[in-house]
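Here the structure is laid out as structure tokens; the discussion comes afterwards.
The chains referred to below are lettered A, B, ... by the order of the sequence lines, with proteins before strands, and numbering in each begins at 1. The basis for the numbers below is simple: all heavy atoms, side chains too, and nothing from hydrogens, waters or symmetry mates.
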Protein chains: 4
Amino acid sequence: MTTLKVGLIGVGRLGRMYGQYLARRVPGVALAAVADRKPGVAEAFAGEFGVPRWYADHQGLLSDREIDAVVIVTSTSTHKEVVLDAAKSGKAIFCEKPISLTLGDAHEMISVVRDKGVFFQMAFQRRFDAGYLAAKRRLEAGDIGDPVMFTSISRDPYPPPLEFCDPRVSGGLIADMGVHDFDAARMYMGDVKRVYAIGGTLAYPEMKSVGDIDNAVIDLVFQNGAVGVVQLSRNAVYGYDIRGEIWGTKGSIQIGYYRQTPILMFTSAGVTHDAVPYFMERFENAYLAQIQDFAEHLQKGLSPSITGEDALAALRISLAANRSMSEGRPVDVEELEA
Amino acid sequence: MTTLKVGLIGVGRLGRMYGQYLARRVPGVALAAVADRKPGVAEAFAGEFGVPRWYADHQGLLSDREIDAVVIVTSTSTHKEVVLDAAKSGKAIFCEKPISLTLGDAHEMISVVRDKGVFFQMAFQRRFDAGYLAAKRRLEAGDIGDPVMFTSISRDPYPPPLEFCDPRVSGGLIADMGVHDFDAARMYMGDVKRVYAIGGTLAYPEMKSVGDIDNAVIDLVFQNGAVGVVQLSRNAVYGYDIRGEIWGTKGSIQIGYYRQTPILMFTSAGVTHDAVPYFMERFENAYLAQIQDFAEHLQKGLSPSITGEDALAALRISLAANRSMSEGRPVDVEELEA
Amino acid sequence: MTTLKVGLIGVGRLGRMYGQYLARRVPGVALAAVADRKPGVAEAFAGEFGVPRWYADHQGLLSDREIDAVVIVTSTSTHKEVVLDAAKSGKAIFCEKPISLTLGDAHEMISVVRDKGVFFQMAFQRRFDAGYLAAKRRLEAGDIGDPVMFTSISRDPYPPPLEFCDPRVSGGLIADMGVHDFDAARMYMGDVKRVYAIGGTLAYPEMKSVGDIDNAVIDLVFQNGAVGVVQLSRNAVYGYDIRGEIWGTKGSIQIGYYRQTPILMFTSAGVTHDAVPYFMERFENAYLAQIQDFAEHLQKGLSPSITGEDALAALRISLAANRSMSEGRPVDVEELEA
Amino acid sequence: MTTLKVGLIGVGRLGRMYGQYLARRVPGVALAAVADRKPGVAEAFAGEFGVPRWYADHQGLLSDREIDAVVIVTSTSTHKEVVLDAAKSGKAIFCEKPISLTLGDAHEMISVVRDKGVFFQMAFQRRFDAGYLAAKRRLEAGDIGDPVMFTSISRDPYPPPLEFCDPRVSGGLIADMGVHDFDAARMYMGDVKRVYAIGGTLAYPEMKSVGDIDNAVIDLVFQNGAVGVVQLSRNAVYGYDIRGEIWGTKGSIQIGYYRQTPILMFTSAGVTHDAVPYFMERFENAYLAQIQDFAEHLQKGLSPSITGEDALAALRISLAANRSMSEGRPVDVEELEA
């Protein structure tokens with residue numbers, strides 16, 4: 001198999017992580033170029049990790065004839081432009097979640113990559129976590145019978161910077177965080193028919209200034225009649241708390257863990273352990289597996305593991321939940337036009 | 001302090017348990033009489049536990065001049081009649097949950113016991129569980145800051161007999177099981193403003209014949225803006241799974257445990273332990289503490305720990321949730337007239 | 001079955017507990033009398049729990065013709081005298097552990113109760129704990145194959161009063177605490193052939209003044225070649241930490257638990273729960289089951305569940321361990337004459 | 001800093017792992033050559049990971065002038081020869097544990113590397129595990145007061161091939177496995193003064209044919225009077241079970257974990273999770289950190305993190321334990337001449 005030459009677009013926190021993986025830990029891949037708009041960032045990364053070329057914008061990188069595929073880790077609001085440009089340049093595409101801020105953008109992206117015939121894989125790293133994967137295997141093996149209820153909890157240890165909370169930038173709590181839970185819900189339970197959302201700005205009053213909330217509950221009714229709950233929160237001051245639970249007719253599966261470092265302290269204060277600090281500690285291996293999966297599927301001519309349609313479906317649930325919250329009523333997902 | 005002479009009305013499964021506690025483990029109390037409509041039941045219990053007198057119906061017991069107080073553990077549909085009769089006979093009253101099947105009945109019961117001036121304490125044994133109590137202490141001590149989200153999970157290991165599932169008998173899943181969760185919600189978070197419920201008959205199709213469901217999710221919006229979720233299920237085939245969780249601005253409290261017997265098995269099948277079999281194993285000590293609390297509050301002239309109004313409020317949430325589910329919309333609790 | 005009339009001798013901390021159980025929670029038993037040398041103690045207990053008669057010494061109680069059986073909870077150094085007197089008066093006997101401070105005393109006690117033909121049951125409450133019992137069932141069911149190694153850990157949250165630490169009073173750390181572990185070892189693994197002990201006064205230097213130690217490790221070689229370790233400590237400042245572990249050819253069993261109250265705190269300090277405070281919290285149900293077992297075995301004409309020979313064997317291991325520590329060499333248990 | 005050119009000697013299971021790390025994940029390092037006596041092994045590895053040169057024996061690699069340092073992962077019986085040759089060629093040395101099978105060899109190795117002035121770092125990966133590291137930090141911070149007892153448990157899921165069990169090849173159970181526990185003991189508690197060992201061939205009778213045992217308990221008395229226990233076993237059929245525990249005057253630290261994959265199954269069989277499969281899953285990150293530490297210490301001119309003297313001390317405890325077991329008596333470590 002020939003080496004896949006990959007270009008990385010966006011070298012922020014997540015981008016750096018993907019970049020390191022691409023440079024060293026993805027079999028059959030060479031990180032051939034990096035691009036970032038922020039002056040000096042791409043160059044510095046290229047120097048640190050021995051990447052042959054760097055660019056100040058995605059257009060530069062896309063015009064690099066040696067690049068076979070791009071990994072897009074720019075801010076969500078730029079996804080459409082970058083993906084469309086990449087599709088037009090004929091590069092295979094890996095794009096971080098969420099696919100876009102609007103359904104219209106997502107549809108256009110899916111349509112263009114289809115027209116151009118490029119490989120297009122979306123990112124939802126939980127699908128590559130050992131726990132989420134094992135749960136899927138056990139569910140499919142029938143170990144808990146038919147699934148009838150799904151619970152997904154995502155809690156951040158602290159809120160993002162206020163400017164990021166602005167729903168016009170991040171999509172807001174439900175689209176930014178909840179999209180992971182909605183994707184997991186679809187993976188285990190199938191498509192969602194109706195949502196109902198409640199929540200509020202309960203822990204960080206300053207979030208109201210940008211119109212975001214910090215806690216939410218989103219109920220799900222699946223197409224098959226099963227039910228689900230997603231609970232989101234920005235105030236898990238103890239750490240990053242990600243949990244899933246599938247209740248079936250013959251048993252249940254719980255996904256997640258609480259303790260990061262394997263020590264347990266016994267003192268006069270009781271029994272204590274640490275918590276999971278943040279998403280890098282929780283999902284480091286999943287992110288690696290996800291980018292390896294992209295390279296492998298692309299090189300072997302397999303279908304993408306996570307499609308644009310998957311990303312669109314999760315986004316649509318998010319937007320339906322946002323509408324539910326603002327209108328105070330249950331919302332059928334199909335109310336939101338494709 | 002003189003000995004409190006208590007009469008037990010209803011000697012079913014829960015009644016037997018209360019009876020044994022009253023006979024032996026409640027300081028300052030003598031179990032003076034028992035009554036049950038089922039022929040032979042009261043007599044047999046009286047013989048087994050040395051109870052001086054027994055009656056074939058509650059009227060007989062209530063006419064017993066020596067009885068100071070009654071413990072009512074009959075089926076919910078009879079609560080009104082027995083409580084009214086007890087109030088009219090001037091006995092102090094302890095009544096198992098739920099208070100009644102309708103708000104009208106509950107109001108009448110509260111009104112009559114108030115008019116008659118008798119001591120009236122309702123039952124919600126979770127309030128006396130070491131875990132729920134400790135959570136309350138920690139919350140009130142400010143250990144997790146202000147509470148912003150509450151989760152309560154109640155799962156039974158198997159469904160009740162079909163005839164009991166009939167909502168006209170038990171109130172159905174939400175009123176029968178969920179009332180515990182609604183009471184816990186009020187204890188930690190204050191009153192509920194609005195509910196939304198989804199669910200279905202997902203595990204036991206035969207329940208449809210009596211009109212009951214086996215799984216439900218009920219969202220709660222509290223008066224203070226905080227939010228909550230109650231998840232109910234009859235198909236926790238592994239055991240009795242009762243959990244609570246309070247998310248605050250400075251931390252969280254989880255209530256509950258999974259393992260009943262303190263052994264852990266390590267074999268080629270992995271690491272295994274048992275689960276909590278059922279409510280007696282989970283709440284044995286709480287039931288004892290609850291009936292001791294009743295006797296203590298009555299004897300010391302204190303206010304009842306759990307009032308008829310508490311029971312009414314929990315019932316009202318249940319009925320609002322039922323209405324929400326049947327009408328497919330959020331329901332304000334105050335829609336349901338007092 | 002006629003009611004068994006029991007007399008309680010010794011109303012200290014453990015004695016009070018047994019007394020309450022005998023008064024209320026042992027089917028078929030009436031607590032007919034109590035005795036304690038400390039002025040006022042027996043009388044006060046009798047008043048509190050409605051015990052018909054009380055005595056200032058064990059002789060008085062033993063001369064009570066109505067008493068069928070005695071429960072002896074006096075200090076170890078008095079066990080011989082009380083047991084011999086009880087045997088001579090023809091009463092059935094339950095005696096707290098350890099049987100005595102010397103093998104000679106134990107032999108004499110066993111011999112006299114045998115000659116007098118009285119029922120004689122010793123106490124090792126771990127045998128009646130749900131965890132230890134379940135471990136035994138699983139072991140006997142072959143779930144871990146053949147047992148090859150046994151570990152037993154006993155840790156107290158704080159040291160006893162210095163005067164009690166005096167080995168002439170309590171037998172010292174190894175005989176006082178370790179005897180429970182040695183009995184558990186015999187229950188699961190069979191008889192002990194050789195011991196080796198190390199340890200020291202490592203946490204509480206003041207214990208040296210009375211010649212006791214606060215930490216010890218005792219190795220066991222069983223008759224069948226399997227091996228074991230007992231670890232004892234007085235400085236588990238977090239609580240009462242009792243654990244057992246059986247390693248077999250096909251798996252392992254761990255016995256014990258760490259958390260007493262079923263809540264888990266998540267704060268910026270990490271994840272925290274409480275520990276088991278002390279032996280009453282850990283073994284309350286086991287003590288009750290143990291005294292119920294005594295009454296049941298006596299009334300049904302069964303053999304005692306724990307014999308004087310069992311108690312003697314555990315004491316002998318303790319004394320061999322003490323000799324090992326003082327002489328710095330492995331000691332065969334049979335070195336210590338019967 | 002210039003790139004460190006490393007040669008890997010020995011490409012077995014552990015060698016492959018180090019090789020992959022050196023090729024990709026050790027900053028400032030280039031894996032310049034590999035050597036293995038087994039025909040084709042070095043060549044295949046070099047091809048797979050793009051290593052420039054490969055050799056059929058360590059002498060060839062050592063004569064490679066471009067190599068700055070070697071990582072030695074050959075069988076223990078060859079350590080002396082390879083280390084001496086490497087020292088003579090002036091290469092910096094990283095050597096897997098145990099240092100050698102005899103104290104004489106270890107002394108000679110230490111002496112020669114000292115004479116030649118080469119950097120020499122030994123391997124004990126537990127020292128780089130997040131749990132063992134955190135325990136050390138907490139201990140040094142005084143969080144549990146003064147340590148008074150140490151427990152270390154090492155259990156393999158299955159025995160090594162019989163030919164490897166031969167104590168002349170591997171050193172036997174105590175030297176091969178226990179050396180990790182003895183090193184951990186020294187890290188937390190200081191040097192060991194006396195040992196006593198028991199054990200036997202209890203699970204795999206066929207091991208007797210090569211003179212090895214499969215279960216052992218080794219007591220430790222430290223120079224400072226504290227005590228310790230090491231428990232070793234080859235029959236943890238459920239997985240790889242590595243635990244440490246430090247008891248202090250103000251608390252305790254437990255090191256280790258049981259569950260590998262973060263899911264918990266609740267079925268009619270109870271609550272189940274998997275165990276840690278084997279050492280690669282348990283210590284993958286520790287091995288990486290260890291080899292990174294070697295490169296960093298070498299490049300920065302720091303002292304080796306783990307010295308030959310550390311390795312010698314752990315070996316000496318192992319050999320003292322072997323002598324104790326064969327002679328049935330406690331053995332002072334200093335009995336074994338340096």
Best-contacting candidate, [options], against chain D by heavy atom pairs under 4.5 angstrom:
| options | value |
| --- | --- |
| A:Gln254, A:Glu245, A:Arg138 | A:Gln254 |
| A:Gly256, A:Gly145, A:Ala134 | A:Gly256 |
| A:Ser268, A:Pro27, A:Gly131, A:Pro262 | A:Pro262 |
| A:Val271, A:Leu133, A:Asp274, A:Ile263 | A:Ile263 |
| A:Lys250, A:Arg24, A:Arg25 | A:Arg25 |

- Task: Using non-hydrogen atoms and a 4.5 Å limit, figure out which bit of D:Ile144 sits close to chain A: side chain, backbone, both or neither.
- Result: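 Contact with chain A is through the side chain of D:Ile144 alone.
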- Message: What's the separation between atom OG1 in A:Thr267 and atom CD1 in D:Ile253, rounded to the nearest 0.5 Å?
- Response: 10.0 Å
- Item | Contact origin within A:Arg282 toward chain D - heavy atom pairs under 4.5 Å |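 Contact with chain D is through the side chain of A:Arg282 alone.
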- Taking every heavy atom of D:Ala130 against every heavy atom of A:Thr261, the minimum-distance pair comes out as O-CG2, 3.5 Å
